[in-house]
Structure formats: C-alpha cells, structure tokens
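Scroll down for the structure; my scribbles are underneath it.
Nothing fancy with the numbering, it's 1 onward along the sequence.
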Amino acid sequence: MEQEKIRAVIMRAGTSKGIFLRDEDLPKDKDKRDETILKIFGSPDVRQIDGLGGADPLTSKVAIIGPPSRSDADIDYTFGQVSYVAPTIDYSGNCGNISSGVGPFAIDEGLVKVEEPYTIVRVHNTNTNSILIEQVQVVNGKAKVLGDYKIDGVPGTGAEISIDFSQTAGAKTGKLLPTGNVKDKIQITNLGELEVSIVDAANPMVFVRAVDLGLTGTETPEEIDGNQKILDILEEIRSKTAQTIGMVKDWREAKTKSPAFPMVAFVSPASDYKDFTTGQQIREEDIDFVSRLMFMQIMHKTYAGTGTICTGAAARIDGTVVNEVMKEKHRGKDPILRIGHPAGIITIDVCANHEEGKWNLKKAAISRTARRIMEGYCYIPKER
C-alpha cells in the first residue's frame with residue numbers, strides 16, 4: 001500500500017470547522033505526529049489542495065481527543081492551529097469554537113458516559129491545562145444537532161451547547177492580568193506609544209482602541225486585510241505583547257514561533273454598522289461595544305470563542321481599554337455582555353470581581369452549536 005488511512009471526523013464547531021482525530025491513531029513522536037497532521041490538511045499550501053484543510057485560518061484547525069490525564073476530567077483535548085503557509089502547527093493556545101465540538105465528539109464516539117437529556121463533559125484542554133465544562137443536549141444516545149439556537153456567522157440554527165470557561169483565567173501566564181496592570185504602554189514603529197490592555201482568560205489577548213490606530217472600529221475584514229500598514233502595526237502590537245508575557249524571547253520571532261497567540265483586538269464604542277456577510281444593520285442599542293479580532297495575521301470574520309471569553313473578562317475589569325469604551329449604561333449589573341463583531345453579535349455571561357487586591361474571573365460562559373459533517377478515513381501518502 002502506498003497510502004495509509006487514519007480515522008477522521010470533520011466538524012463545524014461554532015463559527016469554525018476542524019478535523020477531529022483520536023490521539024491513539026497518531027504517532028507518539030511529536031515530530032512524526034505533526035508531519036501526519038500536516039499531510040491530512042495538505043499543508044503547507046495556500047490552497048491545501050492535497051488535503052482536508054479549507055485554506056482559511058478558521059477552517060485549518062485540528063482537535064486531538066484522547067483519554068483524560070487528570071482525575072477531574074472526562075477527556076483530554078489538544079487544539080492545533082495548522083498553518084497553510086509554513087509547515088507548522090501552533091499549540092500555544094486553545095480555540096473556543098472548536099472546543100464546542102469536543103463534547104459532542106466525545107459523546108458520539110462513546111468516550112464518555114451518556115445521560116439524557118443533557119450530558120456534562122469535563123474537558124481537559126492540554127494547551128492551557130484548564131478544565132472546560134460542556135453541557136451537551138443528547139437524543140437517543142447521540143449529541144443533539146437540531147434546535148432553535150442561532151449564532152451569528154453560521155446559517156440556520158442548532159442545538160445549544162453551553163461551555164463554562166471560568167476555570168481558564170491565567171490560562172497561559174498564570175494571571176488574569178499578566179503584567180499586573182489594567183493598562184500598559186507599547187512603543188510601535190512609526191506610530192509612537194500606544195496604550196493597551198493585556199488580559200489572559202482562555203487565551204491571552206492584547207486590546208487597543210480603534211481610534212488610536214486611526215480606525216473607526218467597524219471596519220470589514222476586506223478593509224483591514226487590504227491595508228498592509230495597519231496589518232503591520234497590529235502584528236507588531238501582538239508580537240511585542242508576546243515578548244512582554246514571555247511567549248517568545250524576541251518579538252521579531254513571534255510571527256513564526258507563535259503566530260496565533262496572543263491575539264490582538266481593536267475596540268470601539270457601540271455604534272451602527274452593517275453585517276459584512278448579509279448587509280443587515282447591527283444597531284448600537286443591541287450591543288455593548290464593538291470589537292475586531294485579528295487571527296493568524298488577518299481579521300477574524302466573526303469572533304473567536306476564547307477571544308469572547310477574554311474580551312468579556314477585560315470588559316468587566318475596571319480601567320481596561322475595553323471597559324472604558326463601554327458607555328456608562330453598559331457597565332451595570334446585567335451579566336450578559338453583547339460584543340459587536342464583523343458578522344453580527346456574540347454574547348457572553350461573564351462576571352469578574354476585585355478581591356484582596358486582585359481581579360478574579362467568577363463566571364465566563366458562552367453558547368455555541370456544532371455539527372458532525374463527515375466521518376471516515378483520511379488517506380495520506382506513506383513515507384518512502
């Protein structure tokens with residue numbers, strides 16, 4: 001046989017799509033495992049024409065599922081962002097959208113004990129060594145697919161999956177505020193000093209005001225991705241943050257050594273704008289603020305799940321740039337926060353408080369939908 005076959009499941013999870021693999025089907029050696037995954041995706045190749053990858057950062061994601069390595073978990077889950085421009089896989093952070101497919105995958109694969117109408121799956125994310133609690137609807141022993149829950153960026157509706165990320169504060173750095181400050185200053189080439197907020201919940205992120213970049217904050221992916229000057233500035237902000245929080249030694253190496261994380265977002269006050277996918281109006285009164293998230297050096301077409309967790313946490317911490325772009329009326333007791341993104345609105349149930357001199361994340365829950373699209377075998381060429 002010139003080819004070998006590997007079990008694979010393609011799932012749409014949240015607003016992302018990924019290849020779900022069983023840990024037991026992959027080589028134990030890390031380098032050989034990565035070589036296998038790159039072949040499955042057809043990377044590196046901008047079209048990923050010779051594999052299952054979708055030639056887009058939101059569809060070039062892998063989830064590796066295995067037995068739990070912690071007593072407080074039901075399964076282990078490792079996320080990888082598969083590059084299509086280089087032979088690399090970034091394991092430095094998690095993906096919240098792909099996370100929403102892990103519980104349903106584990107149920108459908110018979111990896112966890114199933115209860116109806118809801119099954120709780122305790123997921124150990126190995127990237128951040130944190131526990132996610134997923135509540136999945138179950139019908140006839142399988143994860144429910146049909147339902148009336150709608151998420152912007154995905155056609156139609158599906159069965160709601162609730163994920164609690166409250167145990168992910170300090171996921172990468174060990175601290176909700178990695179520098180200990182609600183705001184820091186970063187020197188940017190040809191721009192000068194910028195005020196930013198660095199927060200670590202689910203994944204580390206750095207936030208900057210849109211106005212400080214000369215932007216409105218409601219730009220479309222096409223407008224940002226076609227502006228090389230802004231792309232360079234945002235990547236420098238992200239890269240220098242990576243060095244600040246210890247993810248790379250030299251910020252100039254961040255694009256190759258840690259291209260996905262930390263993420264960078266620019267925020268602005270709530271305002272009217274159009275969903276770039278449908279042309280429908282997003283109304284100022286329906287959102288608390290606007291955010292645009294960069295992922296793998298281009299703008300995220302919707303909003304990352306882990307980015308939602310971190311952005312929500314930042315919004316609840318007094319004095320961050322995210323907190324400050326919200327109007328006073330939006331800083332009340334309502335735990336539901338509404339973030340305006342390029343394709344609509346994403347909500348998060350989030351609460352943080354200040355105790356004994358530090359900020360603590362008390363609750364951070366989002367809801368997603370997920371669907372198994374294909375299951376079977378992926379064929380990859382054997383090494384000569």
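Under the 4.0 Å criterion applied to side-chain N and carboxylate O atoms, Arg122 and Asp74 are assigned as salt-bridge partners. Between Glu324 and Lys183 there is a salt bridge, since a side-chain N of the basic residue sits under 4.0 Å from a carboxylate O of the acidic one.
When side chains are defined from C-beta on, Arg12 counts as touching Thr369, because their heavy atoms get closer than 4.5 Å. Contact annotation: the side chain of Leu21 approaches that of Ile37 to within less than 4.5 Å [non-hydrogen atoms, C-beta and beyond].
Looking only at distances, a side-chain donor or acceptor of Lys142 sits under 3.5 Å from a matching main-chain atom of Asp108. Here the side chain of Ser258 pairs no donor or acceptor atom with the backbone of Ala254 at under 3.5 angstrom. Without hydrogens or angle criteria, Asp152 side chain to Ile346 main chain gives no donor-acceptor distance under 3.5 Å. The main-chain N or O of Ile65 is never found under 3.5 Å from a side-chain atom of Asp23 such that the two would form a donor-acceptor pair.
Counted within 6.0 Å of CD on Glu222, heavy atoms from surrounding residues, nucleotides or ligands total 12 or fewer; the atom is thus considered open. Heavy-atom neighbours of Lys358 NZ from other residues, nucleotides or ligands within 6.0 Å: at or below the threshold of 12.
One hydrophobic cluster, built from ILVMFWY side chains closer than 4.5 Å, holds both Ile339 and Phe266. Residues Leu111 and Tyr77 are members of one and the same hydrophobic cluster, defined by side-chain heavy-atom contacts under 4.5 angstrom among Ile, Leu, Val, Met, Phe, Trp and Tyr.
By the 6.0 Å and 45° rule, Arg7 does not stack over the aromatic ring of Tyr379.
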- Evaluation steps, side-chain hydrogen bond (donor to acceptor under 3.5 Å, both in side chains), between Asp56 and Thr59: CA-CA 5 Å; Asp56 183 284; Thr59 57; 4.6 Å; no
